[in-house]
K.L.:
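Just dropping this structure here.
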Amino acid sequence: MSEIKVSKFLLDSGERYCVIINKETGMPLFHPNLYLTTQVRNSGHAIATIESKAVNLSLFYRFMEKKNIDIEEYILSGKYLSGRDIDHLIIFLSKTSDLKKGMRHKSDYVSKRTLCNRLDNITAYLSWLTEELLQYDFPKYKTHLSKMLKSINARKPICNYYNDSECAGDGDKALSDSSVDIIMKSIDPHSPDNPFESIVRNRNAIIIMVLTELGIRGGELLNIKIGDINFQEQMLYIRRRADEVNDPRLNQPLVKTLGRALALSNELSSKLMDYIIYDRKLFAKGKSDFLFITYKSGPFQGEPLSKSGYFKILSTISKCDLLLKGLTGHKFRHTWNYNFSCLMDSLNVSEKEQGVIREKVMGWRPNSGTAEKYNKRFVKEKANDASVRLQERLSRRNRGVQNDK
C-alpha cells in the first residue's frame, strides 16, 4: 500500500488545514503542497475543497509512485505522460480509494462525475507544475503540455449526470409519507422498536424533529449553539462559524448557506427547552455550548456531536425498514421543500412569492436557481396530474366525436 496520505490538522487560529505527506518518511510533498497553499487555500477556498483536491493529487502521486515515474523530473527533461500511461492513470483513478476515512463505498469504482473531478484537478495541477518548474522555458514546452492535457481530456467520460439521474428516477429525493411515518415511529423515545440506547433517544428524536420541521442542513444543525436560540421570541439563528476556535472538531461541520433567523413552533421550542434543561445538562460538563453534544462516556463526553456521530444516527435509523435504505439528512431538506410547496399551493401563493420565501428560509441567495433542485417531487406530481387531466379531457372529447358519427 502506498504511503502517500492526506494529513489534516487544526491551527491555533481555528483554521482547519491539510497537507500531503509520505507517511513512511513523515515528510510533506513539496510541489503539491505548494500548489494547495498558493493556488487553492490563498484563493479563499473552504477546507472541504482543499481536502478534496489534496485527495485527488495524492491519488495522482500514488499512481506516479506505482509506475516509478518522477513527474517533476519528467517535466524538467521535456518528457510527458504517454498515451499508455494516461490510459493506466484513468483506470487507477476510476477505482475507489482509502484516502477519505469513514467513507462507505457502494462499488469498487467511482462515478463518472467523481472521475471527471479527479482528472480536472490533476490537469489543473499539471498545468501549474509545468509552468512552475520550467519558468522562462515554459513557452518552449507549452505545445507538448497542451498535447498531454488534450490527451487526458479526450479520455474523460461524458458527465451528463443531471439527465442520467432524471432517467434513472433519482431526481426525487424527498421522503415519501410512508417513510416519514416509519421514521417518526422508530425514533419515538417510548417505542419498543426504537433502535437507540435509552440515554440518547430523546436527543436523537429532537435532532430528527429539527431536520424535519426546519429543513436545515446537517452542518447547520451541528453548528447550533444554545445562544443561537431566543426562546422568548421563539427564533433560531443560523450562523456561519468557519474556523471556529472554540470548536474542537477537526472535521468541522460548516454552514454552507446564508445566515438567517428561523421561527420556531410552540412545540419545537418547548422540546428544545426541555432537552437543554433536563437532558443535555446531564452530559454537558461545561465543556461546550453547542446544542447537540456527545453522550457516550469517555474523554469526548460533553463535546459537540461530530459529523461521524450524526451520520451514525441516520445510518441506524435507515436500518429500521427497507423503505429507509439510503437515508441521509439531506432528504429531510428535500422533504421540507415538498411540504412547503404543497402548503403554498393550497394557500394560492404565487410562484414568484413562493420563491422569495423559500430562498429566505433555506438561506439561498436570491435568484440562485437552487430552489428548482429541491422542488422536483412537487413539480413531477403537478406535471403528472396535468398530464392525466389532459388525457381524460381529450378522451372525453374523442368519445363525443365518435358518438356524433
Side-chain angles (χ1 to χ4, degrees), residues 2-8 17-23 25 27-100 109-159:
S2 175
E3 294 299 322
I4 296 175
K5 307 281 185 182
V6 176
S7 178
K8 194 173 180 181
Y17 198 54
C18 62
V19 293
I20 302 171
I21 64 169
N22 185 319
K23 195 175 180 181
T25 63
M27 294 296 292
L29 277 63
F30 180 75
H31 283 109
N33 286 308
L34 180 63
Y35 173 79
L36 290 173
T37 302
T38 61
Q39 307 301 306
V40 186
R41 175 185 176 273
N42 291 356
S43 296
H45 288 289
I47 180 58
T49 301
I50 299 171
E51 188 177 9
S52 175
K53 291 180 184 293
V55 166
N56 293 338
L57 294 185
S58 296
L59 289 172
F60 175 68
Y61 274 90
R62 281 188 174 190
F63 175 77
M64 294 293 104
E65 183 182 65
K66 181 180 178 182
K67 292 295 183 180
N68 199 28
I69 296 174
D70 186 327
I71 191 62
E72 284 85 359
E73 285 296 325
Y74 257 48
I75 293 172
L76 285 169
S77 61
K79 292 176 63 179
Y80 291 92
L81 297 178
S82 67
R84 183 182 178 85
D85 290 331
I86 293 172
D87 286 336
H88 289 162
L89 174 64
I90 301 292
I91 294 171
F92 182 83
L93 295 174
S94 299
K95 298 178 181 179
T96 56
S97 76
D98 61 346
L99 279 168
K100 280 202 172 184
Y109 294 90
V110 299
S111 66
K112 290 181 180 179
R113 182 179 182 181
T114 298
L115 177 57
C116 287
N117 185 52
R118 288 178 174 181
L119 290 170
D120 286 342
N121 288 171
I122 289 168
T123 53
Y125 172 69
L126 286 172
S127 295
W128 171 86
L129 181 63
T130 303
E131 191 167 1
E132 178 71 17
L133 291 173
L134 297 177
Q135 304 262 339
Y136 298 112
D137 289 333
F138 176 68
K140 185 166 54 175
Y141 295 98
K142 191 173 182 179
T143 304
H144 300 294
L145 172 66
S146 298
K147 286 182 178 179
M148 181 180 70
L149 298 182
K150 187 176 181 180
S151 183
I152 293 174
N153 289 325
R155 289 165 169 80
K156 279 174 56 178
I158 298 174
C159 301

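Note that the structure is a prediction, hence the values are computed from the model and not measured.
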K.L.:
Would you say I152 and L126 make side-chain contact, with heavy atoms under 4.5 Å?
P.N.:
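When only atoms from C-beta onward are counted, L126 and I152 do touch, with a gap below 4.5 Å.
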K.L.:
Nearest 0.5 Å, what's the CG-CG distance between L115 and D120?
P.N.:
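With rounding to 0.5 Å, CG (L115) is 9.5 Å from CG (D120).
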K.L.:
Nearest 0.5 Å, what's the NE2-CG distance between H88 and L81?
P.N.:
12.0 Å
K.L.:
Would you name the heavy atoms of L145 and S127 that are closest together and state the gap between them?
P.N.:
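For L145 versus S127, the nearest heavy atoms are CD2-CA, 4.1 Å.
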K.L.:
Quick one: sort the Y125 and F60 rings into parallel, tilted or perpendicular, breaks at 30° and 60°.
P.N.:
perpendicular
K.L.:
Answer whether the closest heavy-atom distance between the side chains of L93 and N56 falls below 4.5 Å.
P.N.:
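Counting from C-beta outward, L93 and N56 never come under 4.5 Å.
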K.L.:
Could you state the interatomic distance from OH (Y80) to CD1 (I75), rounded to the nearest 0.5 Å?
P.N.:
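Nearest 0.5 Å value for the OH-CD1 distance: 6.0 Å.
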K.L.:
Do N117 and T114 have a side chain donor and acceptor closer than 3.5 Å?
P.N.:
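No.
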K.L.:
I need the minimum non-hydrogen distance between P28 and N33, along with the two atoms involved.
P.N.:
CB-ND2, 3.5 Å
K.L.:
Closer than 3.5 angstrom, by distance alone: can the side chain of S58 be matched with the main-chain N or O of A54 as a donor-acceptor pair?
P.N.:
yes
K.L.:
Indicate yes or no: at least one non-hydrogen side-chain atom of Y61 is less than 4.5 angstrom from one of I20.
P.N.:
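No - every pair of side-chain heavy atoms lies 4.5 Å or more apart.
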K.L.:
Answer whether the closest heavy-atom distance between the side chains of R41 and Y17 falls below 4.5 Å.
P.N.:
yes
K.L.:
Can you tell me how far the SG atom of C18 sits from the NZ atom of K53, to the nearest 0.5 Å?
P.N.:
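One finds 12.0 Å between SG of C18 and NZ of K53.
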K.L.:
Could you check whether any side-chain heavy atom of R62 comes within less than 4.5 Å of a side-chain heavy atom of K5, counting everything from C-beta outward?
P.N.:
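Yes - at least one pair of side-chain heavy atoms lies under 4.5 Å apart.
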K.L.:
When rounded to the nearest 0.5 angstrom, what distance separates OG1 in T37 from CD1 in I50?
P.N.:
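One gets 8.0 Å once the value is rounded to the nearest 0.5 Å.
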K.L.:
Can you confirm whether Y74 sits close enough to I69 that some side-chain heavy atom of one is under 4.5 Å from a side-chain heavy atom of the other?
P.N.:
yes
K.L.:
Any side-chain heavy atom of F63 sitting closer than 4.5 Å to one from I71?
P.N.:
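Heavy-atom side-chain distance check fails, nothing below 4.5 Å.
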K.L.:
Heavy atoms, side chains only, cut-off 4.5 Å: are R155 and D87 in contact?
P.N.:
yes
K.L.:
Taking all non-hydrogen atoms of both residues, which atom of E65 and which atom of E3 are closest, and how far apart?
P.N.:
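Taking E65 first and E3 second, the nearest heavy atoms are OE1-N, 4.2 Å.
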K.L.:
Is a side-chain donor or acceptor of S151 paired with a backbone partner of K147 at a separation under 3.5 angstrom?
P.N.:
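Checked: no pair found.
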K.L.:
Please step through side chain to side chain contact (heavy atoms under 4.5 Å, CB included) for the pair L119 and N153, ending with a clear verdict.
P.N.:
CA-CA 8 Å; L119 290 170; N153 289 325; 5.8 Å; no
K.L.:
Rounded to the nearest 0.5 Å, what's the gap from CE on M148 to OG1 on T123? Could you check?
P.N.:
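Going from CE on M148 over to OG1 on T123, the span is 9.0 Å.
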